[in-house]
Amino acid sequence: MFQGREWEYVKECLDTGWVSSVGQYVDRFERDLAAFTDSPYAIAVMNGTSALYISLLLAGVRANDEVLIPSLTFVATANAVSYCGAVPHFIDVERSTMGVDPVKLDLYLKDIAHRNSDGFVYNRITGRRLIAVVPMHTFGHPVEMDTLMEVCEKYNLALVEDAAESLGSYYKGRHTGTFGKTAALSFNGNKIITTGGGGAILTSDEEIAKRAKHITTTAKLPHRWAFQHDEMAYNFRMPNINAALGCAQLEQLPEYLSRKRKLAQRYKEVFSTVDGMEWFEEKKYVSSNYWLNAILLDKPDASLRDLLLAQSNDEGLMTRPIWTPMHRLPMYKHCPQMDMTVTEELEFRVINVPSGPKLIS
Ligand SMILES: *Cc1c(COP(=O)(O)O)cnc(C)c1O
């Protein structure tokens, strides 16, 4: 939905010629994002996947490490781990958030993790270092962060949040993406605000913020004309024209959030009268952005789910299933995993219903 100053800002880019890798909108978008999320630093990049990749690298993920991630996520979470040369290690989610279950993770680690003299925790079975955990705030619903942070502390795991879906979501008053060492946001076309394609890295660590900017902009040393680069790096920067779009979108985010909340309320009223399914609601002490509304069939039933999907899509209603869990995709099915009871149950219970801000005023 582009009803704000998108045309004005993008036109300014075209009129002035600042469409590409430098320009005032990138700086402004980073400042505005940091202010909105109350994160000390935000670094804009070309998409959410690259934001997650750099977030993992800067949190210390190295080749041959294992990174604990939910199996119930969009494939980008697992891919970003692979780009580091690391191995995704799939963990189960809890029903109440559809995100990482920290209690189950704790019990699991008690079983498979052992602490080495280097202070890090290793997987007894594979021998690889368990370096980080990546909670993903599914459809905008925050993961149970207090307990997860205790688990991270206990096992010396870096916390990297995949907050791609949760801009505008808060856990106990604190914005998602500000709990870990680093976090990734996405501004893809389907997300709550869009820059066409885009993402951002959030961090509270000044040193990490500087490095994030440096290695996503070819590690070029500032100089009036010389091309000096001090390490192998990436060209992941967000173009100014995309950032212009982002600035205009961010101005409207409070409006989108209020519409999403109203729409969620309407869905709640309707689905609470329908037998055989429930509407997925936020926990009491969080505030979800309700990026994508979900209904849950009472029982996992693939054929009923598929029937509902077929009928609603025939009627022109864009309903969708949840992602195929990562531990069943061909390139990831051999990776380490824990018991997947809840993930496998949710796979056949969840149906996403249309959630765009245009649906309600
Ligand atoms: C959208 C999304 C991403 C990746 O974002 P892109 O901008 O599309 O690269 C990563 N993780 C999750 C959970 C997402 O929903």
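Note that the coordinates shown come from a computational prediction; the quantities given were computed from them, not determined experimentally. For ligands, and for the atoms within them, numbers begin at 1 and follow the listed sequence.
- Judged by the 6.0 Å distance and 45° axis criteria, R128 is not positioned over the aromatic ring of Y122.
- Ion pair E278/K268 not flagged as a salt bridge, since none of the NZ, NE, NH1 or NH2 atoms sits closer than 4.0 Å to an Asp/Glu carboxylate oxygen.
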Need the list: ligand 1 N/O atoms against protein N/O atoms, distance under 3.5 Å, rounded to one decimal.
residue: ligand 1; atom: 5 (O); partner: S186; partner atom: OG; Å: 3.2
residue: ligand 1; atom: 7 (O); partner: G48; partner atom: N; Å: 2.7
residue: ligand 1; atom: 7 (O); partner: S186; partner atom: OG; Å: 2.7
residue: ligand 1; atom: 9 (O); partner: G48; partner atom: N; Å: 3.3
residue: ligand 1; atom: 9 (O); partner: T49; partner atom: N; Å: 2.8
residue: ligand 1; atom: 9 (O); partner: T49; partner atom: OG1; Å: 2.5
residue: ligand 1; atom: 11 (N); partner: D162; partner atom: OD1; Å: 3.3
residue: ligand 1; atom: 11 (N); partner: D162; partner atom: OD2; Å: 2.8
residue: ligand 1; atom: 15 (O); partner: E165; partner atom: OE2; Å: 2.6
residue: ligand 1; atom: 15 (O); partner: K191; partner atom: NZ; Å: 3.2

### Task
Decide yes or no on side chain to side chain donor-acceptor pair (under 3.5 Å) for H137 and S169, but give the supporting numbers first.
CA-CA 9 Å; H137 307 289; S169 295; over 6 Å; no

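- Inspection of the Y155 and D106 side chains reveals an N or O donor paired with an N or O acceptor under 3.5 Å.
- For residues 351-361, every residue pair satisfying the side-chain hydrogen bond (donor to acceptor under 3.5 Å, both in side chains) rule, not counting sequence neighbours, is listed here: N293-S355.
- Salt bridge R305/E347: absent, no basic N to carboxylate O contact under 4.0 Å.
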